[in-house]
J.: 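My questions all concern the structure below.
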Amino acid sequence: MATKLKRIGVLTSGGDAPGMNAAVRAVTRKAIDSGLEVVGIYEGYKGLIENNTKLFQMRDVSNIINHGGTILHSARSKEFKTEEGMQKAVETCHKNQIDGIVTIGGDGTFRGATDLTRHGIPCIGVPGTIDNDITSTDYTIGYDTAMNTAIEMVDRLRDTCESHFRCNVVEIMGRHAGYIALNVGIATGSSQIVVNEMPINEERMYEEIMAGKRNGKRNYIIMVAEGVKGYAELITEKIPLNTGIETRFTRLGHVVRGGSPSLRDRVIASRMGIEAVNLLSEGKSNLVVCMRGEDITSMDIEVAATLDRMYKHKLKEDELERYTREQVEEMRAFCAKKHADFEKLYNQALDISL
Ligand code: F6P
């Protein structure tokens with residue numbers, strides 16, 4: 001362990017996710033177990049600017065592993081993006097003798113972690129968002145719970161569709177990624193899944209609904225990712241016109257972000273929290289903890305951000321110039337594989353949709 005590290009901070013930022021508490025608990029307990037002190041930073045970067053902090057004891061993280069939300073609360077901070085805000089945040093770290101921070105959240109959280117690291121505060125990011133939309137990791141904390149909450153609700157919608165011979169178009173959270181829609185769509189036997197990652201074939205959707213109708217099928221769920229803006233409402237109008245089936249619309253919004261975390265979220269959050277403390281203890285910084293298959297690993301936050309923009313076709317001009325050709329090829333192959341895996345699952349979903 002690097003001798004310098006004595007006290008670390010932990011914060012949650014961006015949209016909350018079930019399992020964040022398990023990560024906060026693991027960070028705190030692992031750190032204390034390693035002889036470190038832990039400062040809980042409330043309301044993310046906003047709290048860091050405002051010195052909204054508390055020196056944690058073991059009991060501060062007792063009885064939280066089973067609770068949704070985040071005991072550290074979350075907030076978005078515009079001030080943190082300014083140099084003045086950053087200086088205040090750094091000042092809080094110095095005042096509280098914080099030698100490094102574990103930042104739990106999504107890509108916005110990691111941008112903040114990089115900025116802080118550049119200003120001399122080592123940070124390690126832990127991916128927490130229900131969307132599972134961080135390219136560098138196969139898994140983000142909260143994803144499993146959100147999907148399990150969603151399937152319970154969609155199953156209920158199916159019951160009432162079956163009684164009334166109806167279709168229900170369900171829009172489900174996922175701002176930049178269709179992972180939740182795809183998996184919940186499969187798990188609930190949806191007739192069609194609509195995501196930004198794959199082309200929409202509306203004609204095929206109507207044909208399949210009609211084929212189902214001819215076979216006596218009485219319930220139809222169409223799962224649409226939130227990122228496909230306005231589409232769910234649009235087809236709610238069009239399905240009855242094209243199929244004669246009465247159709248309702250349901251938006252599964254923030255309700256899927258709450259609730260007690262699943263076993264998978266509790267365990268992965270715990271493993272990721274431990275890894276983050278280990279990395280800081282080894283003197284490392286500016287890394288994001290990742291999951292590959294069932295392994296916990298890590299990656300440079302800035303490489304992870306480039307990878308993310310590459311996957312989402314949002315690369316900045318000249319962004320790839322600081323990488324070697326081999327690195328760029330490796331990143332391209334990584335993104336291609338990720339997309340191919342998504343496409344494969346989507347096509348399998350189509351094969352069994354009706
Ligand atoms: O990123 C998680 C997420 O729940 C998205 O699915 C959704 O688009 C967004 O956050 C909603 O953000 P807010 O809580 O600010 O409304």
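One is the number of the first residue; the rest follow in order along the sequence. As the structure lists them, so they are numbered: ligands from 1, and atoms in each ligand from 1.
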J.: Counting heavy atoms only, which of Asp131, Thr140, Ile130 is nearest atom 1 (O) of ligand 1?
T.: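 Shortest heavy-atom distance from atom 1 (O) of ligand 1: Asp131.
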J.: So, applying side chain to side chain donor-acceptor pair (under 3.5 Å) with Asp265, which one of Thr140, Asn21, Thr145 is it?
T.: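 Going through Thr140, Asn21, Thr145 one by one, the side chain to side chain donor-acceptor pair (under 3.5 Å) with Asp265 is satisfied by Thr145 alone.
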J.: Output, in order, the C-alpha distance, side-chain angles, deciding distance and verdict of ring pair (Phe, Tyr, Trp, His ring centres under 6.0 Å) for Phe334 and Tyr311.
T.: CA-CA 9 Å; Phe334 187 97; Tyr311 187 72; 8.5 Å; no
J.: May I ask whether Gly106 has any heavy atom positioned less than 4.0 angstrom from an atom of ligand 1?
T.: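 Under 4.0 Å: no for Gly106.
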J.: Tell me, please, which residues at least two apart from Tyr139 pass ring-ring contact (aromatic ring centres under 6.0 Å, His included).
T.: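 Tyr139 satisfies ring-ring contact (aromatic ring centres under 6.0 Å, His included) with Tyr143 only.
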J.: Looking at ligand 1, does His254 have a heavy atom less than 4.0 Å from it?
T.: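 Yes; His254 lies near enough to ligand 1 that a heavy-atom distance drops under 4.0 Å.
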J.: What protein heavy atom sits nearest atom 9 (C) of ligand 1, and how far away is it?
T.: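 Nearest neighbour among protein heavy atoms for atom 9 (C) of ligand 1, to 0.1 Å: Arg175 NH2, 3.6 Å.
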J.: Just checking, Lys344 and Phe342: is the charged tip under 6.0 Å from the six-membered ring centre and within 45° of the axis?
T.: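 No; the conditions do not both hold, so Lys344 does not lie above the ring face of Phe342.
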J.: Quick check: Met173 and ligand 1, any N/O pair under 3.5 Å apart?
T.: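 Between Met173 and ligand 1, no N or O pair is found under 3.5 Å apart.
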J.: Nearest heavy-atom pair of Val195 and Leu182: which atoms, and what distance?
T.: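 Shortest heavy-atom contact: CG1-N, 4.5 Å.
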J.: Which heavy atom of the protein is the closest neighbour of atom 11 (C) of ligand 1, given with residue, atom name and distance?
T.: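 I find the closest protein heavy atom is Arg257 NH1, 3.6 Å.
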J.: With heavy atoms of Thr129 as the reference, note each atom of ligand 1 found under 4.0 Å away.
T.: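 Result: 1 (O), 2 (C).
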J.: Check each atom of ligand 1 against the heavy atoms of Gly174 and keep those under 4.0 Å away; list them by number with element.
T.: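 Ligand 1 atoms under the 4.0 Å threshold to Gly174: 6 (O).
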J.: Quick one: nearest non-hydrogen protein atom to atom 7 (C) of ligand 1, plus distance?
T.: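 Checking every protein heavy atom, the shortest distance to atom 7 (C) of ligand 1 gives Glu226 OE1, 3.5 Å.
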J.: For Arg76, take its heavy atoms, then give the atoms of ligand 1 lying under 4.0 Å from any of them.
T.: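 Ligand 1 atoms under the 4.0 Å threshold to Arg76: 12 (O), 13 (P), 14 (O), 15 (O).
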J.: Listed by chain and number, what are the side chain to side chain contact (heavy atoms under 4.5 Å, CB included) partners of Thr236, not counting sequence neighbours?
T.: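 Testing Thr236 for side chain to side chain contact (heavy atoms under 4.5 Å, CB included), a comparison that skips the adjacent residues, returns Val169, Thr247, Phe249.
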J.: Check Ala89 against Leu116 and note the closest heavy-atom contact, atom names and distance.
T.: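 Ala89 and Leu116 have their closest heavy atoms at CB-CD2, 4.4 Å.
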